[in-house]
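Predicted model only: the values in this text are computed from it and were never measured. The sequence lines fix the lettering, A, B, ..., with proteins before strands; numbering per chain opens at 1.
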2 protein chains.
Amino acid sequence: MADDDWEPPSVLLAVDLVILTLRADRLHVLLIERGVEPFAGALALPGGFLRDLREDIPAAARRELAEEAGLVDVPHLEPLGVYGEPGRDPRGRVVSVAHLAIAPRLPEPTAGTDASGARWEPAGPVLSGRAPLAFDHGRIVADGVERARRKLEHSALATAFCGETFTISELQQVYEAVWDVRLDPRNFYRKVQSARGFIVPAGPARRTENGRPARLFTAGPQRALHPPMARAKDLHA
Amino acid sequence: MADDDWEPPSVLLAVDLVILTLRADRLHVLLIERGVEPFAGALALPGGFLRDLREDIPAAARRELAEEAGLVDVPHLEPLGVYGEPGRDPRGRVVSVAHLAIAPRLPEPTAGTDASGARWEPAGPVLSGRAPLAFDHGRIVADGVERARRKLEHSALATAFCGETFTISELQQVYEAVWDVRLDPRNFYRKVQSARGFIVPAGPARRTENGRPARLFTAGPQRALHPPMARAKDLHA
DNA sequence: CGAATAGTGTCTTTGAGACATTATAGG
DNA sequence: CCTATAATGTCTCAAAGACACTATTCG
């Protein structure tokens with residue numbers, strides 16, 4: 001099928017990062033204003049090329065996470081997908097391995113570090129297309145948010161949006177922001193407690209804000225949720 | 001952060017295929033006996049390098065599906081993941097985009113075509129490690145089967161294992177083989193019927209085997225299942 | 001007829017969701 | 001006291017699973 005002197009072509013390998021967090025009860029994504037062509041001045045995902053042929057892909061993702069976003073040790077980082085369509089990058093055939101990262105809410109701005117142009121942007125306008133991104137990064141963000149939405153149902157991913165300890169109502173805010181729905185606090189309380197290994201009490205400690213102090217919890221050992229946090233009647237597509 | 005004369009490295013891009021089907025009520029995967037080094041004589045997934053820089057990745061997957069497996073127009077083909085660890089291929093830095101394909105049960109052997117060394121192997125020994133594969137293909141098969149298992153729950157993927165028309169008990173055999181469980185035929189019947197848009201009656205036609213003839217169905221328009229085909233208490237990891 | 005598979009009905013348990021009620025803080 | 005939030009309890013409905021029963025083919 002192949003000529004005897006045929007040789008396989010080489011491509012440039014990149015990693016891109018969809019980093020999600022919660023700010024002011026809304027889902028945000030970390031974006032960078034590009035300083036160089038192509039797409040200079042446009043917003044884009046943090047990311048970059050593989051450094052050398054010895055660097056593996058998860059290491060490249062963690063390196064870009066630190067270099068471009070100023071984040072180390074995020075509570076969740078996973079591969080999201082491959083984006084390699086010819087023409088997606090005018091510089092040549094670039095195949096990008098997108099990753100999904102979740103950051104807790106506290107890391108306020110991303111100042112101080114090398115991550116100068118980085119800033120948190122609300123996810124809504126990006127998803128609706130009102131805030132177009134460079135390259136095919138708009139679609140990558142959409143795929144990342146969709147992945148996060150699905151994983152909230154069946155995994156303990158929601159705890160990655162919270163700090164080391166959190167209250168149940170903080171956890172509920174994660175679900176409400178990512179799914180963009182309102183949930184009944186009482187039913188949510190029962191459901192999240194009945195999912196075995198999802199969250200565990202964090203000592204007798206408490207915290208205060210406005211009403212009665214809430215118990216603190218930490219992420220439990222369980223990755224998969226039984227029963228899941230079903231949100232039934234939405235994705236009828 | 002980068003030297004001024006730094007240039008990003010190039011990698012070889014490949015596609016690999018996990019093609020699943022049902023044979024004799026057991027899950028099988030299509031494997032190829034390698035004729036050349038590395039891993040000559042070992043079993044491996046069908047796949048190969050990108051043909052040229054203009055070929056996009058889905059097209060490369062379909063091309064390998066035809067060239068190496070002799071299959072055209074499989075009912076399901078989706079990207080599965082990226083496998084690019086340095087050292088996974090002794091020929092150099094090869095990054096492979098794995099795909100998951102589902103074939104209906106009928107395509108008996110894969111004879112006649114260019115796909116000479118191709119044959120269906122039971123998935124069990126591959127998953128348990130008793131039948132090791134070349135490269136990291138054992139892990140890719142495991143990831144592909146895991147993906148199929150999960151998607152059976154929430155999508156209409158099971159119909160891809162069947163022919164154009166099928167009976168409900170044939171559909172049940174798909175679930176039993178992929179999940180490796182026994183299901184109650186009566187409850188399965190009700191559940192699969194109540195999932196809106198999953199399967200639709202295929203005319204008044206019938207088929208016969210041993211007992212009462214069964215109604216025929218075809219795949220419905222719905223991709224996502226409501227309610228899902230929950231198999232509750234399994235993956236406690 | 002009996003054997004085998006297809007299809008229906010019924011019961012029990014479990015969880016989802018609506019919503020009342022009590023508990024504990026600050027002002 | 002009132003307000004706000006946390007935590008618990010109660011009710012109803014829908015779906016999961018166990019299992020009896022009827023229906024339709026074959027030999």
Please name all residues satisfying side-chain hydrogen bond (donor to acceptor under 3.5 Å, both in side chains) with A:His28, sequence neighbours left out, ordered by chain then number.
->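 Once residues adjacent in sequence are excluded, A:His28 has no partner under the side-chain hydrogen bond (donor to acceptor under 3.5 Å, both in side chains) criterion.
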What is the distance from [atom1] of [X] to [atom2] of [N], rounded to the nearest Å?
{"X": "A:Asp184", "N": "C:dG15", "atom1": "CG", "atom2": "P", "answer": "18 Å"}
{"X": "B:Arg215", "N": "C:dT5", "atom1": "CZ", "atom2": "P", "answer": "18 Å"}
{"X": "A:Leu216", "N": "D:dA6", "atom1": "CG", "atom2": "P", "answer": "12 Å"}
{"X": "B:Tyr189", "N": "D:dC21", "atom1": "OH", "atom2": "C1'", "answer": "15 Å"}
{"X": "A:Phe198", "N": "C:dG15", "atom1": "CZ", "atom2": "P", "answer": "16 Å"}
{"X": "B:Leu183", "N": "D:dG17", "atom1": "CG", "atom2": "P", "answer": "9 Å"}
{"X": "A:Asn187", "N": "D:dT8", "atom1": "CG", "atom2": "C1'", "answer": "12 Å"}
{"X": "B:Phe188", "N": "D:dA15", "atom1": "CZ", "atom2": "C1'", "answer": "16 Å"}

Expected string for nucleotides 20-27 of chain C under the B/S/- scheme (protein heavy atoms, under 4.0 Å, primed atoms plus P, OP1, OP2 as sugar-phosphate) is B--BBS--
Going through the checks in order, is the side chain to side chain donor-acceptor pair (under 3.5 Å) test met by A:Asp16 and A:Tyr83?
-> CA-CA 10 Å; A:Asp16 284 314; A:Tyr83 298 82; over 6 Å; no
Give a yes or no answer on whether the side chain of [X] reaches the backbone of [Y] with a donor-acceptor pair at less than 3.5 Å.
{"X": "B:Asp136", "Y": "B:Arg139", "value": "no"}
{"X": "A:Thr218", "Y": "A:Ala202", "value": "no"}
{"X": "A:Arg105", "Y": "A:Gly163", "value": "no"}
{"X": "A:Gln222", "Y": "A:Ala156", "value": "no"}

Ignoring hydrogens and angles, does a donor from either the side chain of A:Arg190 or the base of C:dG17 sit under 3.5 Å from an acceptor on the other?
-> yes
Near-strand residues of residues 166-173 of chain B, defined as heavy-atom separation under 4.0 angstrom from DNA chain C |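 B:Ser169 - these, ordered by number, are the residues of the stretch whose heavy atoms sit under 4.0 Å from the strand.
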To the nearest 0.5 Å, tell me how far B:His154 NE2 sits from B:Arg223 CZ.
->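 Answer for the NE2-CZ pair, B:His154 versus B:Arg223, is 13.5 Å.
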Answer yes or no: is there an ion pair linking B:Asp143 with B:Arg147, defined by an N-O contact shorter than 4.0 Å?
-> no
Do the charged groups of B:Lys151 and B:Glu78 touch, with an N to O distance under 4.0 Å?
->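 The answer is yes: the pair qualifies as a salt bridge.
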